[in-house]
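In what follows, a structure is listed as structure tokens, so that the remarks can point back to it.
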Amino acid sequence: QVQLVESGGGSVQAGGSLRLSCAASGRTFSKNLMGWFRQPPGKGREFVAAIPWSIGGAYYADSVKGRFTVSRDNAKNTVYLQMNSLEPEDTAVYSCAARYGMGFATDRDDYDYWGQGTQVTVSS
């Protein structure tokens with residue numbers, strides 16, 4: 001089993017920044033990919049960003065490219081999502097997820113473990 005715990009959500013005005021963290025514990029040694037997803041009010045869960053756990057670069061949804069940065073700290077088993085230039089449209093519950101299968105994925109069904117989510121609210 002793997003436990004993922006997000007933190008760092010909150011309320012911010014448009015143009016502001018937030019940094020989300022996702023700490024992993026449990027059977028973490030063989031995870032392949034860490035992803036961030038979000039679910040805006042009244043909408044489905046959507047892909048935000050992903051980063052391989054060992055080596056390789058990050059991948060972003062077009063809607064956040066240039067504003068969000070995903071990074072990892074292998075020693076701390078933690079993944080981060082730095083969100084800058086936030087817009088009201090970024091308001092959502094943000095969740096991190098771990099994928100143990102091989103290959104890259106942006107579909108939520110391809111991830112095996114999920115955190116409980118953290119609320120991000122951006123006001124205009």
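As the structure is a prediction and not an experimental result, all values here were calculated from the model.
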Going from [atom1] on [X] to [atom2] on [Y], what distance comes out if it is rounded to the nearest 0.5 angstrom?
X      : Y      : atom1 : atom2 : result
Met102 : Asn32  : CE    : CG    : 6.0 Å
Gln116 : Cys96  : CD    : SG    : 7.5 Å
Tyr60  : Trp36  : OH    : CH2   : 12.5 Å
Phe68  : Leu81  : CZ    : CG    : 6.0 Å
Arg45  : Asp109 : CZ    : CG    : 10.0 Å
Asn74  : Ser54  : CG    : OG    : 8.0 Å

Heavy-atom pair of closest approach, residues [X] and [Y]:
X      : Y      : value
Ile55  : Arg72  : CA-NH2, 3.8 Å
Leu33  : Pro52  : CD1-N, 3.5 Å
Ser85  : Ser17  : N-OG, 4.3 Å
Asp110 : Ala105 : CB-CB, 3.6 Å

Do [X] and [Y] come close enough that some side-chain heavy atom pair is under 4.5 Å?
X      : Y     : value
Pro40  : Glu46 : yes
Arg67  : Asp90 : yes
Thr121 : Val12 : no
Met34  : Val70 : no
Glu6   : Ser95 : yes
Arg38  : Val64 : yes
Ile51  : Val79 : yes
Gln13  : Pro88 : no

State yes or no: are the ring centers of [X] and [Y] separated by less than 6.0 Å?
X      : Y      : answer
Tyr100 : Tyr113 : yes
Phe104 : Tyr59  : yes
Trp114 : Phe37  : yes

message = Within 45 degrees of the ring normal and closer than 6.0 Å to the centroid, is that where the cationic atom of Arg108 sits relative to Phe47?
response =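 Verdict for Phe47: no cation-pi partner in Arg108.
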ask   = Does Arg99 make a cation-pi contact with Trp53 (under 6.0 Å, within 45 degrees of the axis)?
value =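 No, cation not above the ring by the 6.0 Å, 45° rule.
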inquiry  = Other residues, nucleotides and ligands only: do more than 12 of their heavy atoms fall within 6.0 Å of NZ on Lys65?
reply    =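 Yes - once you tally the heavy atoms of other residues, nucleotides and ligands closer than 6.0 Å, there are more than 12.
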Verdict with supporting geometry, Gln119 and Tyr94, side chain to side chain contact (heavy atoms under 4.5 Å, CB included) = CA-CA 6 Å; Gln119 178 70 45; Tyr94 284 72; over 6 Å; no
inquiry  = Hydrophobic clustering (ILVMFWY, side-chain heavy atoms < 4.5 Å, transitive) - are Leu18 and Tyr80 grouped together?
reply    =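 Shared cluster, no.
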task = Tell me yes or no: between the side chains of Thr78 and Asp73, is some donor less than 3.5 Å from an acceptor?
result =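 Side chains of Thr78 and Asp73: no pair found under 3.5 Å.
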